[in-house]
Protein chains: 2
Amino acid sequence: MQAGADVKALVTQVCVMPPAEKSDMKERILATADKLFYLQGIRAIGVDTIAAEIGISKRTLYNHFPSKDALIAAYLERRFVAQRPSDKQPAEQILATFDSLERRFAAKDFRGCPFVNAVAELGPQDRAVKKIAVAFKESRRLWFRDRLNELGVANADALATQLVLLVDGSIAQDLVRDDPAMARAAKEAAKVLLRNAGVDVGGDATKAAKGRKQTPQ
Amino acid sequence: MQAGADVKALVTQVCVMPPAEKSDMKERILATADKLFYLQGIRAIGVDTIAAEIGISKRTLYNHFPSKDALIAAYLERRFVAQRPSDKQPAEQILATFDSLERRFAAKDFRGCPFVNAVAELGPQDRAVKKIAVAFKESRRLWFRDRLNELGVANADALATQLVLLVDGSIAQDLVRDDPAMARAAKEAAKVLLRNAGVDVGGDATKAAKGRKQTPQ
DNA sequence: GCTTGATTACACCGACCTGTGTAATCTAGA
DNA sequence: TCTAGATTACACAGGTCGGTGTAATCAAGC
């Protein structure tokens, strides 16, 4: 499956359906699976647990999903949320990503990146999971790249990669340390990288510069 | 358990014992558990599998470890390898970290950070696992900070945090993408951050600067 | 009323899991 | 040779897991 198709499918799912209507059983199952899978882990949660949490029979769950694997795939696809368009300046949008990250870190139900976690849990053998995880990571990288291109940055592609490293790095660090400050650290690093690429991100361009001394070697 | 104690225990374990001697059963179990846990996942591997892989009975395994949890803890503690001292310049040491990372990414048995994976797999409820994961992450951060202090960098602490973000970010990205270039991207970003802090990392200090035109390095 | 489809309860399967109990066997050292 | 500890095979307990089969129930639309 491709990134574009995933996003399109999701947008259809989210936007076309009347919002309050269709409290579909399938959606209820997915929402519950999402909560439990994400918070407790995919392997840690059995289908019985999900059914019990909703108050339905296991048979009903299996009427909507042919297998747990299918439920896992649907869970990840549902997590593949498209970034909503913004009218802010590209540089602000990029930096706002890290503010949003910090807010999510502070929430006590944050448990890292569901895609990375799924790959870590299910292993590289699970091609389907890996595929959607790659698609998600790449979609975010391309989002950064598009913003950088809007800014006229020359090496937008390489810089976009570096920015996603900061995003995923802060997520991994927060996962083990529970420290939302990781997002701020990532933001500061991002500012340096952007400034170095000629982007005006406000503040003094040489603010953090010049550690005391260093010996030329 | 503390980071310092862990490192000390490990150094004892590794250095004091004659290398070829002591093909201890305990060590054989640990080595096999390490391979299987790391490559396939902790939850995916049962104690029977480990025993069968070595060719011993499950009873023997339980004679050396009181429970699977204890084996998991020992596995992670064994992974807590101390960085060996280097005579290279601090800046080189820092950058060499990313070269080493790239080499490990290229190996086909690389499966991300065992500590992050364990936390992702076992969940935040497992306090013991989380504790050692935090200790490991912090020890690496402190290693960076020490090198930066040797360089006389002013905000060594903040910069060290940013560097570990790049390390963990590249690990997470490589885990899902299988792309060793993530390590190079992290290294380039690290160079920019170091340069911005006044560290001489070789190459033109303003080469990548200023948006528009420049040749790829 | 009747039909159709969704949902229900519930038993059950085979597989795998961690962990234990036991009694026999092997091996190294005094 | 005797002893003590490690290791063995093997059965088994008690549990969870994913998944299925079946027959009853419920609700909506014709």
Side-chain angles (χ1 to χ4, degrees), chain A residues 17-18 20-76 117-118 120-123 125-129, chain B residues 17-18 20-76 117-118 120-123 125-129:
Chain A
M17 291 200 305
E21 192 235 327
K22 273 292 190 184
S23 107
D24 232 4
M25 178 87 337
K26 197 160 190 169
E27 171 54 24
R28 282 174 68 196
I29 295 171
L30 271 177
T32 307
D34 181 280
K35 182 178 67 175
L36 297 176
F37 279 163
Y38 179 66
L39 286 181
Q40 320 231 117
I42 294 172
R43 279 206 151 105
I45 294 296
V47 287
D48 303 80
T49 308
I50 297 171
E53 171 85 9
I54 317 176
I56 63 174
S57 72
K58 184 163 60 165
R59 209 68 187 80
T60 300
L61 190 150
Y62 273 102
N63 283 343
H64 289 274
F65 298 92
S67 67
K68 189 186 180 184
D69 278 354
L71 183 56
I72 294 169
Y75 150 63
L76 290 177
N117 291 355
E121 254 192 284
L122 274 14
Q125 298 89 341
D126 197 324
R127 311 293 298 164
V129 164
Chain B
M17 290 201 301
E21 194 236 326
K22 272 293 191 186
S23 106
D24 232 5
M25 179 86 335
K26 197 161 190 169
E27 170 55 24
R28 283 175 67 196
I29 295 171
L30 270 176
T32 307
D34 181 280
K35 182 178 68 174
L36 296 176
F37 280 164
Y38 179 65
L39 286 181
Q40 319 233 107
I42 294 173
R43 279 209 151 104
I45 294 296
V47 286
D48 302 82
T49 308
I50 297 171
E53 172 84 9
I54 316 176
I56 64 173
S57 72
K58 182 165 58 167
R59 208 68 187 79
T60 301
L61 191 150
Y62 274 104
N63 283 342
H64 289 274
F65 297 93
S67 67
K68 189 186 180 183
D69 278 354
L71 183 56
I72 294 169
Y75 150 63
L76 290 177
N117 291 355
E121 255 192 282
L122 273 15
Q125 298 88 343
D126 197 324
R127 310 294 297 163
V129 165

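Protein chains get the first letters and strands the later ones, always in sequence-line order, with residue 1 at the start of each. Atoms considered below: every heavy atom in the structure, side chains included; atoms not considered: hydrogens, waters and symmetry mates.
Under the 3.5 Å distance criterion, the side-chain polar atoms of A:E121 are matched with a main-chain donor or acceptor of A:I42.
For C:dT7, the OP1/OP2 oxygens have a side-chain nitrogen or oxygen of A:H64 closer than 4.0 Å. Regarding contacts with the backbone of D:dT8, a side-chain N or O of B:S57 is found under 4.0 angstrom from either OP1 or OP2. In terms of phosphate contacts, A:T60 brings no side-chain nitrogen or oxygen within less than 4.0 Å of OP1 or OP2 of C:dA6.
Distance from the side chain of A:Y62 is smallest for D:dT20 among the nucleotides C:dT7, C:dG19, D:dT20. For B:N63, the side-chain atoms get nearest to D:dT7 when compared with the rest of D:dG18, C:dA9, D:dT7. When the nucleotides D:dG18, C:dG19, D:dT8 are ranked by their closest atom to the side chain of B:K68, C:dG19 comes out on top. In this structure, of D:dG19, C:dT20, C:dG19, it is C:dT20 that holds the atom nearest to the side chain of B:R59.
Nucleic acid contact class of B:I45 (heavy atoms, under 4.0 Å, all strands): sugar-phosphate only.
For A:K26 and C:dA6, the NZ to P distance is 12 Å, given to the nearest whole Å. Taking atom CD1 on B:I56 and atom C1' on C:dT27, their separation rounds to 17 Å, with Å as the unit. The separation between B:L61 atom CG and D:dT8 atom P is 11 Å, rounded to whole Å. Remark: C1' of C:dC16 and CZ of B:R43 are 15 Å apart, rounded to the nearest angstrom. The CZ-P distance, from A:F65 to D:dG18, rounds to 15 Å in whole Å. Taking atom CD1 on A:I29 and atom C1' on C:dT7, their separation rounds to 11 Å, with Å as the unit. In this structure, CG of B:D48 is placed 8 Å from C1' of C:dC17, rounded to the nearest angstrom. Going from atom CD of B:Q40 over to atom P of C:dC16 covers 14 Å, rounded to whole Å.
A cation-pi contact, defined as under 6.0 Å to the ring centre and within 45° of the axis, is absent between B:K68 and B:Y62.
Side-chain contact between A:L122 and A:R43: present, with at least one pair of heavy atoms (C-beta onward) separated by less than 4.5 Å. With a 4.5 Å cut-off on side-chain heavy atoms, A:L30 and A:L71 count as touching.
Looking at A:K58, its side chain comes within 3.5 Å of the base of D:dG19 through a donor and an acceptor atom.
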task: Let me see the working for B:I54 and B:L61 under side chain to side chain contact (heavy atoms under 4.5 Å, CB included), right down to the final yes or no.
output: CA-CA 10 Å; B:I54 316 176; B:L61 191 150; 5.6 Å; no
